[in-house]
Novice: 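Sharing a structure here in structure tokens format.
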Amino acid sequence: MKIASWNVNSLKVRLPHLQQWLGEAAPDIIALQETKLTDDKFPVDEIAAMGYRVAYSGQKTYNGVAILARGELGDVVTDIEGLDDPQRRILAATVGDIRVINLYVVNGKALGDEKYAYKLHWLAKVRDFIAGEMAKHPKLVVLGDFNICRDDRDVYDAAAWGEDIFCSPPERAALQAILDTGLHDSFRLFSDEAGLFSWWDYRQAAFRRNMGLRIDLILISDALKAVATSSIIDKGPRKWEQPSDHAPVALELNL
DNA sequence: ATGGTAGACCTTCTA
């Protein structure tokens with residue numbers, strides 16, 4: 001069983017890359033972020049032709065999340081208690097006995113910005129939702145673009161970045177509160193190395209210089225940790241023509 | 001201090 005996540009930065013532009021990667025990586029489940037498509041424009045037929053069923057929650061221009069799966073998607077949730085939010089950033093679905101929560105966490109822009117306050121409020125409400133899901137589903141995976149670096153190993157120049165956006169103590173505390181519901185950062189079960197990133201800015205040749213961040217995470221409950229066999233970042237697609245600024249991340253389970 | 005690039009929209013916003 002392979003479960004993946006990828007911020008595609010426009011599914012319209014990146015559909016060929018998604019098709020390519022599905023063909024070579026063959027995940028059983030993949031969560032997508034920043035589809036940037038209204039639901040009427042979602043490429044359902046192209047996805048079905050690849051052998052996947054799909055749930056999606058999109059909007060015009062910004063945000064948008066989707067879950068593709070080999071199996072049936074049940075109990076789909078797009079809105080959570082306490083968050084009356086037109087921004088399409090949350091999608092939960094059940095595949096077999098695995099509960100999947102796909103998140104496109106608010107960027108936050110800068111400390112002190114109103115978007116930063118929205119980010120922290122959003123994260124608090126999402127934590128409460130996850131805690132409720134954890135109580136119902138032993139096999140829980142929470143994955144997506146978190147727009148937070150857990151610790152300094154996840155930042156290309158941590159000293160220069162300091163406690164700026166993505167690394168501020170309140171953001172890190174909010175991520176820790178999500179982990180404290182009973183989740184594990186699957187990537188760190190297999191590597192404690194610094195400098196392994198999932199996102200590189202399009203500017204300043206950042207990818208070539210490995211000036212990146214690890215902000216795309218796959219968090220798993222105890223029951224899934226017990227059967228996890230690998231958790232990787234696939235930098236391959238970031239080298240392709242006209243790439244997303246994010247690389248896909250993938251978890252393998254002995255299921 | 002600012003800009004660099006990319007995507008989508010409508011020439012600016014978001015990342």
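By convention in this document, chain letters (A, B, ...) are assigned in the order of the sequence lines, proteins followed by strands, and residues within each chain are numbered from 1.
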Novice: Indicate yes or no: does D185(A) engage R214(A) in a salt bridge with an N to O separation below 4.0 Å.
Specialist: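 Yes, this pair counts.
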
Novice: Atom CG of N63(A) and atom C1' of dA8(B): how far apart are they, to the nearest Å?
Specialist: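 One finds 13 Å between C1' of dA8(B) and CG of N63(A), rounded.
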
Novice: Distance check, C1' atoms only: dA15(B) and dC9(B), in whole angstrom units.
Specialist: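 Roughly 15 Å separates the two C1' atoms.
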
Novice: S198(A) and side-chain hydrogen bond (donor to acceptor under 3.5 Å, both in side chains): which single residue from D145(A), D245(A), D216(A), D234(A) fits?
Specialist: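 Of the listed options, the one satisfying the test is D216(A).
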
Novice: Please state the P separation for the pair dC13(B) and dG3(B) - nearest whole angstrom.
Specialist: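 Result for the P pair: 15 Å, nearest Å.
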
Novice: Return the nearest nucleotide to the side chain of V13(A); candidates are dA15(B), dA6(B), dG7(B).
Specialist: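 Nearest to the side-chain atoms of V13(A), counting from C-beta on, is dG7(B).
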
Novice: Rounding to the closest angstrom, what is the interatomic distance between dA6(B) and dT2(B) at atom P?
Specialist: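 Between the two P atoms, the distance is 23 Å.
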
Novice: Does the side chain of R14(A) get closer than 4.0 angstrom to OP1 or OP2 of dG7(B) through an N or O atom?
Specialist: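 Affirmative; the distance criterion is met.
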
Novice: With a 6.0 Å cut-off on the ring centroids, do H246(A) and W6(A) count as close?
Specialist: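 Not under 6.0 Å, so no.
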
Novice: When you compare dA1(B) with dT11(B), how far apart are their P atoms, in angstrom units rounded to a whole number?
Specialist: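 Nearest-Å result for dA1(B) against dT11(B) at atom P: 31 Å.
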
Novice: Is K60(A) near enough to dA8(B) that one of its side-chain N or O atoms lies under 4.0 angstrom from OP1 or OP2?
Specialist: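 Answer no for this pair, as no side-chain N or O of K60(A) is under 4.0 Å from OP1 or OP2.
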
Novice: If you check every side-chain atom of Y202(A), which of dA6(B), dG7(B), dA15(B) has the closest atom?
Specialist: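 Nearest to the side chain of Y202(A) among the choices is dA6(B).
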
Novice: Using side-chain heavy atoms (C-beta onward) and a distance below 4.5 Å, is Q59(A) in contact with Q87(A)?
Specialist: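 Of all side-chain heavy-atom pairs linking Q87(A) with Q59(A), at least one is under 4.5 Å.
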
Novice: Let me know the distance between CD of E34(A) and C1' of dA8(B), rounded to the nearest Å.
Specialist: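 To the nearest whole Å, that distance equals 11 Å.
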
Novice: To the nearest Å, give me how far apart CD (Q204(A)) and C1' (dT2(B)) are.
Specialist: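 Whole-Å distance recorded here is 11 Å.
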
Novice: Closest approach to the side chain of Y62(A), judged atom by atom: which nucleotide of dT14(B), dA6(B), dA8(B) is it?
Specialist: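 Selected nucleotide (nearest to the side chain): dT14(B).
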
Novice: Report the nucleotide, chosen from dA6(B), dA15(B), dC9(B), that has the shortest atom-to-atom distance to any side-chain atom of R203(A).
Specialist: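 The answer is dA15(B).
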
Novice: Taking 4.0 angstrom as the limit, do K136(A) and D75(A) come out as a salt bridge?
Specialist: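 Between D75(A) and K136(A) there is no salt bridge, as every charged N stays at least 4.0 Å from the carboxylate O atoms.
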
Novice: Without decimals, in angstroms, what is the distance between L37(A) CG and dG7(B) P?
Specialist: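 Roughly 14 Å, once rounded to whole Å.
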
Novice: Does Q87(A) make a side-chain N or O approach to OP1 or OP2 of dT14(B) shorter than 4.0 Å?
Specialist: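 So the side-chain polar atoms of Q87(A) never come under 4.0 Å of the phosphate oxygens OP1 or OP2 of dT14(B).
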
Novice: Looking for any heavy atom pair under 4.0 Å, which part of the strands does F166(A) touch: base, sugar-phosphate only, or nothing?
Specialist: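 Nothing, no heavy atom under 4.0 Å.
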
Novice: Take atom CG of D145(A) and atom P of dA15(B), then tell me their distance rounded to the nearest Å.
Specialist: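 In whole Å, dA15(B) P lies 10 Å from D145(A) CG.
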
Novice: Grab the CG-P distance between N107(A) and dG7(B) for me, whole Å please.
Specialist: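 To the nearest whole Å, that distance equals 17 Å.
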
Novice: Does OP1 or OP2 of dA15(B) have a side-chain N or O of R89(A) closer than 4.0 Å?
Specialist: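 Yes, R89(A) has a side-chain N/O under 4.0 Å of OP1/OP2 on dA15(B).
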
Novice: Both N147(A) and T35(A) contact DNA chain B. Taking the nearest nucleotide for each, which residue is further toward the 5' end?
Specialist: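 That would be T35(A).
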
Novice: Figure out the CD/P separation between Q242(A) and dA6(B), and round it to whole Å.
Specialist: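 Q242(A) atom CD is separated from dA6(B) atom P by 9 Å.
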
Novice: K109(A) NZ to dT12(B) P: how many Å, rounded?
Specialist: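 Answer to the nearest Å: 15 Å.
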
Novice: Quick check: on DNA chain B, is the nucleotide nearest H246(A) upstream (toward 5') of the one nearest D201(A), or the reverse? Name the residue that is more 5'.
Specialist: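 The 5'-side residue here is D201(A).
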
Novice: Report the distance from atom CH2 of W199(A) to atom CG of N147(A), rounding to the nearest 0.5 Å.
Specialist: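 It is 9.0 Å, given to the nearest 0.5 Å.
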
